Amino acid sequence: MNDTPTIAPVALERGTSDVLTKAEIRLAHREVRRHKMVAFALVVPLLLFLFFSFVAPIATMLHRGFYSPVVAQLIPNTLQSLATWDGQGQPDDAVLTNMAIDLKRLAADRTSGKLAAEINRNKPGASSVVKSSARKLRRTDDADLAQNGATLLLAANKAWADPLMWRAVQKSGDTYTDGFYLTALDLERTFEGELQIREATQIYIKLYTKTLRMALIITLMCLILGYPLAYYLANAPSKTANLLMIFVLLPFWTSLLVRTTAWIALLQTNGVVNSFLTGVGITSEPLDMLYTEFSTIIAMTHILLPFMILPLYSVMKGIDPTLMRAAMSMGARPIPAFIKIYLPNTMPGLSAGALLVFIISVGYYITPALVGGTDGQMISNIIAFHMQQSNNWGLAAALGSMLLILILTLYWVYDHLVGTDNIKLG
Amino acid sequence: MSTDGALDFLRFANIQKSYDQKTMVVKDFSLDVAKGEFLTLLGPSGSGKTTVLMMMAGFESVTHGEILLDGHPITRTAPYKRNIGMVFQNYALFPHMSIAENLAYPLKVRKLAKADIAQKVEKFLQLIELEDFAGRMPAQLSGGQRQRVALARALIFSPSLVLMDEPLGALDKKLREQMQLEIMRLHKKLGFTVIYVTHDQTEALTMSDRIAVFNDGVVQQCAAPEVLYEQPANAFVADFIGENNFVPGKIVGLDEGMVRIEIAGGEEIIAMHSDCDVIGTKCRVSIRPEKMFILPSEHTFANKITVKFLARLYVGDYIRYFFELPDKTEVVVKVLNDHEAPKFGEGDEAHLISRRKDCFAFAVT
Ligand SMILES: Nc1ncnc2c1ncn2[C@@H]1O[C@H](COP(=O)(O)OP(=O)(O)OP(=O)(O)O)[C@@H](O)[C@H]1O
Ligand SMILES: [Mg+2]
């Protein structure tokens, strides 16, 4: 005990008072700050990673949904002169002339197609007008164009006399637009600025509804299949349980692509299932099972089942098996005892599993893409389509953001109904 | 015994149980329990106590035999129809229900009126002195409090029979003693029949009207605690309950219903017997350490053996002396720690005496 003397003076100085001196308070604060700094330094790499891999992309996506700079960059002069147009009748000749000059330049740069695609989104059919005009104007003389641009433009295509065409140009010219989000909601804005249901195709709301419905069915299927299995696993002798657990986890260890293609082999017209059904004589004709909503739901249920089973299993493993016995010894029949005693105690695992499966399936892409056909497409497939094929990144971003908002809303509702404290993931 | 009714309120008739269709965990269990009795199943770990209890509650099937409750066979009755209360070692309180809800559950299942339920719950909360904890969740209670709730929950629907499987096993010593008193108090007050399982013999001795000592799936002896301790029926019971010396010897004669045994060193002692009375056979004589006295002491006891002093162990309220017989058999004697506790040097010769009725000869198996 040779460190006692060094401690004793401090203790004497402070006497019996419980109040800290100023110096002690400073010391304590410094200590707390130091701990905070160390803690912060430890999580900095993760924070940076999260920022670049998660926060930044999502922010970009949200931004993209509003931001459409292409047209503004392609025909700045036209748009500038069009700004004073009242929206009625044919715009001034100056506007038409600017457009003609811009079109010629775009034709020379081979970027007129880009403009055509952008304007076409606001006015179906405008694409060919823009493209053909650009093609014709390309051969005109610069001086002539500056003089008689308006006439030449109208000569190239009469559609330029139509105010609707110009409204489409003007609308496409907005650098910031709510158009993508409105389209994603099957809405559009009239020239007067009122919202109305889109006159052209309405597909997105229907698709969201279908996606949610499919996700719900998949979640229910996983629950129906997973709950009894998890129960069995949790109560089986550990040797059996471990073996079965390997089968549950097997999907995690095989490639997603392989698993999905296996379903193609099973479900196609002359696949295993159809051969069996026709062979046994249940059906005379092979059933169309592949490339339908049905096949998507089946394959996704299979793929997502472990996400349901694992949290359920871990929660059930922690439930005291004597609870049910206790309930029955008190006179409860097995089924009421299960509902009143066992089920509530599995709620954390059940909600975690259901939430996981539901959220994953709402945003699922690969399986519907491979086995869904046209019938089984989900919202992610349309988002991918707009990114890869129609090159409409703005709409893709808007649809993606809507999906994100939808999931956050569902999570919020869920939190209010069940409470996220009740979630146990493992 | 606080029995007040039929002596065969609960009857086990030749119960056998096998989990794997090969080995019998319970071999031949027959027992009658009187109404209102506090009966304890005592036995080493793995002797089948829990198995018997589970068969009684209906959670394990009976391989062979019949259980009768109040004259009716219940062997194949579903657990929830048996009306038997049960207290588990790990409490088995429903973690998602408050204490009051836990207590109300058996009554709700029986579809009692709300007012009756509230009143009963109130009464039982008072009984276990946890009135202020009605709204708490089980996780917010201490181990002892939880066990009191579990106890009340098993009693609240007035079952005539309550099973308890090591209900105090998870509690520390002090709390356990408190809860033992609590259970005895409730038993006296409410008059239910108890089948209590423990492997703590002190607990069994202090609480029970009768104890069934269980080993190898067979009841070795079922008797009141004093009888079990003072007159063990066989060597297992003599060894399992309390402490005992076993002195090997050979039967050399019969004497007034007792047996005369020659032990190592040639001395003879006379002992009670139950399972051995053939002259010439080997046997073991059990004598409890506190039933032997070291000479000099007023010498009216019949049995005297000469031993060599080995060691002395100071325990506090008593002193343990270790001696050895010529054949190296160790003999322990407990002496109260008063001023007359004798002193020996190592290797000293000493004489031990004991009453005949405290010596029991058992066959060597
Ligand atoms: N469900 C079961 N399946 C197979 N064997 C079992 C099962 N339950 C118990 N046993 C076996 O039966 C024997 C008796 O077990 P039991 O639980 O009744 O003992 P116990 O007397 O309660 O022991 P303890 O004092 O340790 O609780 C043991 O050998 C045990 O391994
Ligand atoms: Mg046991």
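What you see below is based on every heavy atom in this structure, not just the backbone, and it leaves out hydrogens, waters and symmetry mates. The chains referred to below are lettered A, B, ... by the order of the sequence lines, with proteins before strands, and numbering in each begins at 1. Please read all numbers here as calculations on a predicted model, not as lab measurements.
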Check: Is there a side-chain contact between F94(B) and P344(A), using heavy atoms and a 4.5 Å cut-off?
Finding: no
Item checked: Inter-residue atom distance Y91(B).OH - L323(A).CG, 0.5 Å rounding -> 14.0 Å
Note to self: Are there over 12 heavy-atom neighbours, none belonging to R11(B), within less than 6.0 Å of that residue's CZ?
What the structure shows: no
Note to self: I'd like to verify something: which residue of P336(A), A327(A), P321(A) has the highest number of heavy-atom pairs under 4.5 Å with chain B?
What the structure shows: A327(A)
Note to self: Check this for me: L408(A), atom CG, are more than 12 non-hydrogen atoms of other residues, nucleotides or ligands nearer than 6.0 Å?
What the structure shows: yes
Checklist line | Main-chain N/O of M86(B) paired to R325(A) side chain as donor or acceptor, under 3.5 Å | finding: no
Next item on the list: Evaluate whether atom CZ of F276(A) has more than 12 neighbouring non-hydrogen atoms of other residues, nucleotides or ligands under 6.0 angstrom away.
Entry: no
Notebook entry, point to check: When you look at NZ of K317(A), are more than 12 heavy atoms from neighbouring residues, nucleotides or ligands closer to it than 6.0 Å?
Noted result: yes
Checklist line | Minimum side-chain heavy-atom gap S329(A)-F59(B) below 4.5 Å | finding: yes
Margin query: Please give me the minimum heavy-atom distance between N345(A) and P95(B), naming the atom from each residue.
Written below: OD1-CG, 3.2 Å
Check: Where is the tightest heavy-atom contact between Y105(B) and A332(A), given as atom of each residue plus distance?
Finding: OH-CB, 3.3 Å
Margin query: For the NZ atom on K210(A), are there more than 12 heavy atoms of other groups (residues, nucleotides or ligands in this structure) within a distance under 6.0 Å?
Written below: yes
Next item on the list: Answer yes or no: does atom OH of Y232(A) have more than 12 heavy-atom neighbours from other residues, nucleotides or ligands under 6.0 Å?
Entry: no
Margin query: With heavy-atom distances below 4.5 Å as the criterion, would you say the side chains of M328(A) and K81(B) are in contact?
Written below: no
Next item on the list: Taking atom NE2 of H416(A) as the centre, report whether more than 12 heavy atoms of other residues, nucleotides or ligands fall under 6.0 Å from it.
Entry: yes
Notebook entry, point to check: Non-hydrogen atoms of chain A under 4.5 Å away: do they reach the side chain of R110(B), the backbone, both or neither?
Noted result: side chain
Margin query: Can you tell me if Q140(B) has over 12 outside heavy atoms packed within less than 6.0 Å of its CD?
Written below: yes
Notebook entry, point to check: How long is the span from the CG atom in L103(B) to the CE atom in M330(A), to the nearest 0.5 Å?
Noted result: 9.5 Å
Next item on the list: Enter the distance from L93(B):CG to D320(A):CG here, rounded to the nearest 0.5 Å.
Entry: 9.5 Å
Next item on the list: Could you tell me whether a side-chain N or O of H96(B) sits under 3.5 Å from a main-chain N or O of Y342(A), the two making a donor and an acceptor?
Entry: no
Margin query: Just verifying a value: how many Å separate D165(B) CG and T322(A) OG1, rounded to the nearest 0.5 Å?
Written below: 10.0 Å
